[in-house]
Each structure stands twice: as C-alpha cells, then as structure tokens.
There are 2 protein chains.
Amino acid sequence: MRTLDQARLPQPDLAEVEIGTVLQALADPVRLQIVRLLSRQGTAACGELDVPVKRSTVSHHLRTLRETGLLETHLKGNTRVSKVRREELDRRFPGLLASILDAAPAVPAAPPEEEPGGADGER
Amino acid sequence: MRTLDQARLPQPDLAEVEIGTVLQALADPVRLQIVRLLSRQGTAACGELDVPVKRSTVSHHLRTLRETGLLETHLKGNTRVSKVRREELDRRFPGLLASILDAAPAVPAAPPEEEPGGADGER
DNA sequence: CGACATCTACGATACACATCGAACATGCAT
DNA sequence: ATGCATGTTCGATGTGTATCGTAGATGTCG
C-alpha cells in the first residue's frame, strides 16, 4: 500500500542559517565524520554510519545536523535515510563544504624540533 | 632599544593542524568575530578589538586562535599585535577562510506564512 | 624613580552539550 | 497476533570551556 511514505523531515531554509551555526555543527568530531561519510556514500541510515558512539547519540547528531540545515532525511519504511544537502549548501555557502571535505589530513608529527643557531626568544 | 621586541609568539605549523581543530576554533561566536575584525582591520591589539567580553577573555581567545594556527602575534612594546595568517591558511585550507568570511548573513527570520506586502503594523 | 598602561596567568564558577541507558514508537516479517 | 528490528525521545551524568575578577609581569612615560 503506502510503502511510499517518502516523507521528508522538517528542515530549515538555508537562507536563514548563519555561517556560525554551520561551523558549530561541524566542530564536533563525530558530526564532521558523519558528514564526511555521507558525502562519500551519498546516503545512509542511522545504523549504517560507522562512528564510535551509541545509536542514540548518532540519532541526536543526525537531528542536530538536520536542524542546522546540513542534512535532509527521508522516511523510508522503518529507516531514516539521510544525505547531505550539497547543492543547496554550495549555493548558500560557496566553497565551504568543498574546502572542508577536501582538506588534507594533518601531518602526524610535531617532531621534537630544535632549532640550532640560537635561542628563539619568547616570553 | 627600539623595535627589537618584534618577537613572534609561538605558533603551530599549519601542516600539523587538522581541519576539525580550525572549525572548533571558529565555532565560537566571539572568536569568529575576532577573525572577522582582524581580516578587515589587518592588525589589532588585544584592547582594540570590539567584542562584548572582558579583556581577559579576549586574551584567552587570542591565545586559542594563535595556538590553533589562525593568528600570529608580534610583541610590540607593551602591546601584542595580532593578525590572521591569511596566506598560510589559504595554502593549507584553500577556500576555507574566503567561504567563511564572505558568507552572506542570514535573512532575519522565516515568517511562517503570510506573503510579503502584508500589513506588518507591528513595531 | 614611581605611576600608569597593556596584557597574560590563574583560580572559580556556570552553563552548554556529548554521551549513555532505558523506555517508547513504528514497520516488517513470520 | 507476537517477535524482532530500526530509530527516537527522555532523564541523568560527566566533561569541556567560556566567562569573569584579581593578581602579576612587562613596558612606557613623566
């Protein structure tokens, strides 16, 4: 019958979203990871996301990301399928997602760096 | 005894800085404001920054921003002159600062419905 | 020299929020 | 229907951190 409840959960208009709000949402490591995963996988259900927190916490983060405007979520049967609102975000904040998702990882070490040739005065 | 005190306070190599760390630093409204002000003014001392927190808090945020790699600070006499490490940041995270600083402010609110042109007689 | 400035360091406080477990709702199968 | 899965919501808890006031370090100036 109505296996087609493709209902979409409420989400904000991106025009009303401040850049600070987006930054705050992406500042959490788990949420950033979720956005990264979704950007690569396209879509995923809550339970499919490989993040090191419990299910209820993932749900909380997905809610935060959706209410912030970063994700859209569709109801599909018993599961919620989420994906990044990439095109809308690119229109609202040009270059933002690209610069974040394409950022190269940091070099592992801050090696014990000692500079010969003098005291680097600080104080 | 002139400007020999052009010493630069210690700052990280941007190669070692994760994008998540930068996002976390910029997630705070006051810090984002500071970066915005410095981007426009070029440089500023701690006391010149027009932000709604006390001096000691500004100092704390400047330290955070510097240790995160966003700012560099030079000692000039008794004052610390800070500025955004714009070029280095653009090299490490291309497009990031631009997309954040150029982001358009959000539209004030989403009136539930009510098409424009109505009688907004309030206020 | 002493008085005053800028700025940081330190301890204390308060609040936000990330996290969890348990309870509940819903859908799909058997 | 019962059972099992997926997700959400709720309350509680712990931690991180933004904020402040005060004290101290340092530099400038009269």
Side-chain angles (χ1 to χ4, degrees), chain A residues 1-11 20-35 37-38 43-68 70-83 121-123, chain B residues 1-11 20-35 38 43-68 70-83:
Chain A
M1 305 335 174
R2 58 269 187 76
T3 46
L4 293 183
D5 19 282
Q6 277 283 18
R8 194 187 56 198
L9 273 62
Q11 63 184 35
T21 309
V22 174
L23 294 176
Q24 216 160 6
L26 294 177
D28 182 89
V30 175
R31 282 197 292 264
L32 181 58
Q33 176 82 1
I34 289 175
V35 171
L37 289 173
L38 284 177
T43 66
C46 177
E48 297 172 340
L49 290 167
D50 186 28
V51 286
V53 290
K54 294 301 177 190
R55 187 78 51 93
S56 60
T57 305
V58 177
S59 180
H60 166 65
H61 283 312
L62 287 177
R63 176 190 174 94
T64 298
L65 288 169
R66 175 172 54 81
E67 290 179 350
T68 306
L70 285 169
L71 302 186
E72 71 179 73
T73 302
H74 292 267
L75 297 178
K76 180 164 187 177
N78 199 7
T79 69
R80 270 87 168 158
V81 179
S82 298
K83 66 175 176 181
E122 84 192 51
R123 137 184 247 291
Chain B
M1 56 236 301
R2 294 277 308 256
T3 43
L4 184 61
D5 10 288
Q6 273 287 18
R8 195 187 57 200
L9 272 62
Q11 63 186 32
T21 308
V22 174
L23 294 177
Q24 212 160 4
L26 294 177
D28 183 88
V30 175
R31 282 196 293 264
L32 181 57
Q33 177 82 1
I34 290 175
V35 171
L38 284 177
T43 66
C46 177
E48 297 172 338
L49 290 166
D50 184 29
V51 286
V53 291
K54 294 301 176 191
R55 188 76 51 94
S56 60
T57 305
V58 177
S59 180
H60 165 64
H61 283 313
L62 286 178
R63 175 190 172 94
T64 298
L65 287 169
R66 176 173 54 83
E67 291 180 350
T68 306
L70 285 169
L71 303 185
E72 72 178 75
T73 301
H74 292 266
L75 296 179
K76 179 164 188 177
N78 199 7
T79 69
R80 271 85 170 159
V81 179
S82 298
K83 67 175 176 180

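Keep in mind that the numbers below use all heavy atoms, side chains included, and drop hydrogens, waters and symmetry copies. Every chain is numbered from 1, with letters handed out A, B, ... down the list of sequences.
Results of the side-chain contact (heavy atoms from CB on, under 4.5 Å) test with B/Arg31 over B/Leu26, B/Leu62, B/Leu65 single out B/Leu65 as the only residue that passes.
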Could you go through B/Leu71 and B/Leu38, starting from their C-alpha distance and side-chain angles, then the distance that decides it, and tell me whether this counts as side chain to side chain contact (heavy atoms under 4.5 Å, CB included)? CA-CA 9 Å; B/Leu71 303 185; B/Leu38 284 177; 3.7 Å; yes
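The shortest distance between the side-chain N/O atoms of B/His61 and the OP1/OP2 oxygens of D/dT17 is not below 4.0 Å.
Rounded to a whole Å, the CG atom of A/Leu75 is 12 Å from the P atom of C/dT26. Atom CG in A/Leu32 sits about 15 Å away from atom C1' in C/dA18, given to the nearest Å. In this structure, B/Lys76 places its NZ atom 17 Å from C1' of C/dA5, rounding to the nearest Å. Going from atom NE2 of A/His74 over to atom C1' of C/dG27 covers 19 Å, rounded to whole Å.
The listed nucleotides are D/dA18, C/dG21, C/dC17; the one nearest the side chain of A/Lys54 is C/dG21.
For the atom pair B/Leu49 CG and B/His61 NE2, the distance stands at 11.0 Å (nearest 0.5 Å). With rounding to the nearest 0.5 Å, the separation of OG in A/Ser82 from CG in A/Leu70 is 11.5 Å. One distance of note links CG of A/Leu37 with CD of A/Glu48; it measures 11.0 Å at 0.5 Å rounding.
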Detail all sub-3.5 Å separations between protein N/O atoms and N/O atoms belonging to nucleotides 5-8 of chain D.
unit_1 : atom_1 : unit_2  : atom_2 : d
D/dA5  : N3     : A/Asn78 : ND2    : 3.4
D/dG7  : OP2    : A/Gly47 : N      : 2.8
D/dT8  : OP2    : A/Ser59 : OG     : 2.5
D/dT8  : O5'    : A/Ser59 : OG     : 3.1

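Looking at A/Arg80, its side chain never comes within 3.5 Å of a backbone N or O of A/Thr73 through a donor-acceptor pair.
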